[in-house]
Amino acid sequence: MSHIFPRHTAMRPPRATKGDGCYIVDETGKRYLDAGGAAVDCLGHSDEKVTKAIKDQLDRIAFAHTGFFTSDTAEALADKLVKYAPGDLDRVYLVSGGSEATEAAIKLARQYFLE
C-alpha cells in the first residue's frame with residue numbers, strides 16, 4: 001500500500017519509473033506523452049544538454065535564496081532576458097511561477113510606495 005494520498009482516491013495512479021524525451025514511462029513500460037502541466041513544463045526527459053546543465057549547477061551550488069544572494073547563473077539568465085525585454089526595461093526579478101510572480105508584484109508595488 002502506498003502512503004501517498006492521491007489526488008483521485010478512486011484510482012491508483014501509475015508509477016513513473018523513467019523519462020524518455022517527451023514521454024514518461026511507467027513500471028509496466030507504458031509510455032505517456034508529457035505535455036507539461038499547471039505546475040511545471042518539461043524540458044525533455046533524459047535530454048543530455050539539460051541533464052549536464054543541472055549537474056554542473058549542482059556541482060557549484062544547489063540553491064541560494066534570491067532575497068540574500070545572486071549568482072553567476074542568475075546573472076547570466078537576467079542578462080539574456082534583458083536582451084529581449086521591450087523598451088528600456090533592464091531589471092529582472094526571478095521567481096519560480098505564476099502565483100509567486102503575482103505575490104512578488106504586489107509586494108514590489110507596496111515597497112515602491114512605502115519607499
Considering all heavy atoms of both residues, which atom of Asp20 and which atom of His45 are nearest to each other, and what is their separation?
N-CB, 3.4 Å
Report the C-alpha distance between Tyr23 and Leu33 in whole Å, list the side-chain angles of each, state the deciding distance to 0.1 Å, and finish with yes or no for side-chain contact (heavy atoms from CB on, under 4.5 Å).
CA-CA 5 Å; Tyr23 293 94; Leu33 177 63; 4.2 Å; yes
Apply salt bridge (Lys or Arg N to Asp or Glu O under 4.0 Å) to residues Asp59 and Lys55 and explain how you reach the verdict.
CA-CA 6 Å; Asp59 284 342; Lys55 287 179 180 177; over 6 Å; no
From CG (Leu58) to CZ (Phe63), nearest 0.5 Å:
13.0 Å
Quick one: pull up NZ in Lys107 and CG in Leu114 and give me the separation to the nearest 0.5 Å.
13.0 Å
Can Arg15 and Asp26 be said to form a side-chain contact (heavy atoms from CB on, under 4.5 Å), step by step?
CA-CA 5 Å; Arg15 185 175 297 223; Asp26 74 13; 5.8 Å; no
Separation between CG (Asp90) and CG (Asp79), nearest 0.5 Å, reads 11.0 Å
Would you indicate whether Asp72, at its atom CG, is surrounded by more than 12 heavy atoms from other residues, nucleotides or ligands within a distance under 6.0 Å?
no
Locate the shortest heavy-atom distance separating Thr70 from Ala74; write the atom from each residue and the value.
OG1-CB, 4.2 Å
Applying side-chain contact (heavy atoms from CB on, under 4.5 Å) to Ser46 and Thr51, what does each step give before you reach the verdict?
CA-CA 7 Å; Ser46 306; Thr51 301; 5.7 Å; no
Distance check, rounded to the nearest 0.5 Å: Glu100 atom CD versus Leu94 atom CG?
10.0 Å
How far apart are the closest heavy atoms of Ala16 and Ile24, and which atoms are they?
CB-CG2, 3.6 Å
Report yes if some heavy atom in the side chain of Tyr32 is under 4.5 Å from a heavy atom in the side chain of Lys30; otherwise report no.
yes
Could you go through Arg110 and Ile106, starting from their C-alpha distance and side-chain angles, then the distance that decides it, and tell me whether this counts as side-chain contact (heavy atoms from CB on, under 4.5 Å)?
CA-CA 6 Å; Arg110 180 179 180 274; Ile106 293 168; 5.6 Å; no
So for atom CD, which belongs to Glu48, do other residues, nucleotides or ligands contribute more than 12 heavy atoms lying within a distance under 6.0 Å?
no
Same apolar cluster: Leu77 and Val82, side chain cutoff 4.5 Å
yes
Using side-chain heavy atoms (C-beta onward) and a distance below 4.5 Å, is Thr73 in contact with Arg60?
yes
Using the side chain to side chain contact (heavy atoms under 4.5 Å, CB included) criterion, which residues pair with Val50? Sequence neighbours excluded.
Leu43, Asp47, Ile54
